[in-house]
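Take a look at the structure set out below.
Below, chains carry the letters A, B, ... as their sequence lines are ordered, and counting in each starts from 1. This one's a predicted model, so the numbers in the text were calculated from it and none came from an experiment.
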Amino acid sequence: MPDTRDIRLYLEDLLGRAVQSAIAAGELPDVAVPGSAIERPKDTANGDFASTLPLRMARAAMKPPLEIANVIARHMADDPVIERPSVAPPGFINIRLTSGFLQRQVEHVIAAGPGYADLTVGARKKAQVEFVSANPTGPLHVGNGRGAAIGDALASALAAAGYEVEREYYVNDAGTQTDTFAETLYARYQQLFGRAADIPRDGYPGEYMVELAQEIKEEAGDGFLRPEGEPGPADLGSRGIELMVRHIRRSLEAFGVRYDRWYSEKSLYDPEGPYEKATALLREHGQLVEREGALWFASSELGEDKDNVVVRSDGRPTYYGSDIAYHYDKFVTRGFDLVIDVWGADHHGHVSRLKTASRAIGADREALHVLLYQLVTLKRGGEVVRLSKRGGEIITLDELVEEVGADAARFFFLLRSPGAQMEFDLDLAKKQSSENPVFYVQYAHARLASILERAAEQGLTPDGGDVSLLTQPSELGLIREMMQLADVLESVVQTFEPQQLPHYAMALATAFHAFNDAFKQQNDPSLKVITGDVARSRARLRLVLAAKISLARILGIMGMTAPDRM
RNA sequence: GCGCCCGUAGCUCAGCGGAUAGAGUGUUAGGUUGCGGACCUAAAGGUCGGUGGUUCGAGUCCACCCGGGCGUACCA
């Protein structure tokens, strides 16, 4: 008996045998049978599954698809999982699951518990999701929140799919921007002591730098001050970065994101570290060439548009150079089977050459996946606000979390496909305290919890419920929706499209509300979960329990809370 | 110039080559004396940016064009 996970395989097998039987009976010509012809109809009125096999076979078989469909359907044996299939033009075979099969899924969900819909596709594989990784030169802004929501949810989905997952933040604590940051900080610091210091031309004008300088003054007094006109001490910059990273970590924690590792760019340059090893390897391959005083990676020989500088003529590595070292560490040293880098779309020019470099150091072709998300356009008071850490006004992730809450912010970020530019209307998000889809989903969970609680007060529990009593359309509809979770997860980890998660969550919540309100719609109190009919009540409580498990699972994967009360 | 992403309902967005293109929100009309209405039911609302092509079948794939965004650094 198949469970929710391999029902497709089961159906394909069933269809395949029907076709063979039809061929053996001489009713179909012996032609190649295309696989994977099982799909889910958009309209559930057409069944739980549909096969387009007849449409795909029509050309080779030289018969009208409808006729093929009828033949195949006739040859499908009676089966405990599906009803007799029906045929629809232009050549679909529609398949409906039996009530018995659906009912048993309730037991399947309860038995699986919090691990319901776990997959095995990632078993024994190590995956890393690196996300946000914003320069620690300023607070996280709203756009970083999108990357955080996407990366964290993807990591959770991969974990559910069986991967051993690490979440990582790459701390750019070594580049030129770090130097500019240090200069700005020293200028602000000097200003606190009454000196007329200007922030550098390309510096960070934001108010937060003043606060950061203040913070440092409070802990170290004038300890970082140098005679006027001299540059600031080197350790002021690193102290500033440290504090900034701490702020970033707190912001992300408030957003519900926790990392397994904060990886220092600086550490790439440790003796015998990734940078040395990676460049040595490329040199060995003869892929590093010196030209115009700089060191270039000969990427054009590997299909790139041009070569790229790895080490500047002043001896400092470029971002590209350090990123090659970083990915050497990911693939070669740490041995990840799958690495997902979640980046803002403004980095897309970097994708191809990093993939090329990753392969050059030995990574599998498909091992690196760069997930780009388009930048967030902010709208406030009907006006578009550009996100820029260097420009004047930024809206921080902290402010967003403060105003709309982490759960709602995450849900909204996930709702859009990463590749689509999204507009975040702050005014709308703020006032969406009750008309917000996130609450719709969470409310469903709270009601499921309260039903169980209310029943328990009356001495009723799901224990011993007989699921074969679940025969109402709204009951079976809820089960059908619960069954989709594994499919959704599998799709998310295969396509890296996290937007499927919130859409599914809404569909599941809708199925629950339909079930929960059926008694009102039909004006029939006997459809309530808790009725005078104890056996039926217990059966429905089992369904409620299973639905709660399913909903909590999808909420958890999205990084949202599943409240029992609201 | 070249490259990548996007263009779907008033708005914000889903949509694995399949059946009558969906959801939320907004609008309109109903439902509530309750297992928490932060809910439910229904209606209206679309030349899927345009033109060709591939296919039994195209919002989906291909080509070109239009519009928006981003990239094309010894920045990250």
Side chain to side chain donor-acceptor pair (under 3.5 Å) assessment of A:S417 paired with A:E497: CA-CA 7 Å; A:S417 75; A:E497 290 177 357; over 6 Å; no
Side chain to side chain contact (heavy atoms under 4.5 Å, CB included) evaluation trace for A:I7 with A:F49: CA-CA 10 Å; A:I7 181 76; A:F49 293 93; 3.8 Å; yes
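Distances shorter than 4.0 Å separate some side-chain N or O of A:S450 from OP1 or OP2 on B:rG36. Contact check, A:Y440 against B:rC40: a side-chain N or O comes under 4.0 Å of OP1 or OP2. Close to B:rG36, at under 4.0 Å from its OP1 or OP2, lies no side-chain N or O of A:R565.
Pairing of B:rG1, defined by two Watson-Crick or G-U wobble distances under 3.5 Å, is identified with B:rU72. Of all nucleotides present, none satisfies the Watson-Crick or G-U wobble test against B:rG37 with each distance under 3.5 Å. Remark: B:rC16 base-pairs with no nucleotide; criterion is Watson-Crick or G-U wobble with both hydrogen-bond distances under 3.5 Å. When Watson-Crick and G-U wobble pairs are counted only if both distances are under 3.5 Å, B:rC11 pairs with B:rG24. A 3.5 Å limit on both hydrogen-bonding distances identifies no Watson-Crick or G-U partner for B:rA58. A 3.5 Å limit on both hydrogen-bonding distances identifies B:rC6 as the Watson-Crick or G-U partner of B:rG67.
Residue A:L97 comes nearest to A:R480 through the heavy atom pair O-NH2, 4.0 Å, listed as atom of the first residue, atom of the second, then distance.
Here A:D564 lies in heavy-atom contact (under 4.0 Å) with a base. Residue A:N172 is in sugar-phosphate contact alone, with no base atom involved, counting any heavy-atom pair closer than 4.0 Å across all strands shown. When heavy atoms are screened at a 4.0 angstrom cut-off, A:A507 is found touching no nucleic acid atom at all. The residue A:A446 sits close to a base: some heavy atom pair falls under 4.0 Å. No contact: A:P65 has no heavy atom under 4.0 Å from any strand. Backbone-only engagement by A:M506 is indicated by non-hydrogen atom pairs under 4.0 Å involving sugar-phosphate atoms exclusively.
Residues from residues 513-520 of chain A lying near RNA chain B, meaning a heavy-atom separation below 4.0 Å, are A:H513, A:N516, A:D517, A:F519, A:K520 in numerical order.
In this model, a side-chain donor or acceptor of A:S313 finds a partner on the base of B:rC74 within 3.5 Å. Counting atom types as modelled, A:D43 pairs no side-chain N or O with a base atom of B:rA21 as donor and acceptor under 3.5 Å.
For A:R353 and A:F297, the positive end is not near the middle of the six-membered ring at less than 6.0 Å and at most 45° from its axis.
Nucleotides B:rC39 and B:rG67 place their C1' atoms 41 Å apart, quoted to the nearest Å. With both ends at atom P, the span from B:rU51 to B:rG59 equals 12 Å, rounded to whole Å.
Heavy-atom nearest nucleotides on RNA chain B were determined for A:P90 and for A:G293, and the one closer to the 5' end corresponds to A:P90.
Going from atom NE2 of A:H503 over to atom C1' of B:rG15 covers 9 Å, rounded to whole Å.
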Under 4.0 Å protein heavy-atom contact, by nucleotide of nucleotides 2-11 of chain B - B base, S sugar-phosphate only: -BBSS-----
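A:V544 places a side-chain heavy atom less than 4.5 Å from the side chain of A:F515.
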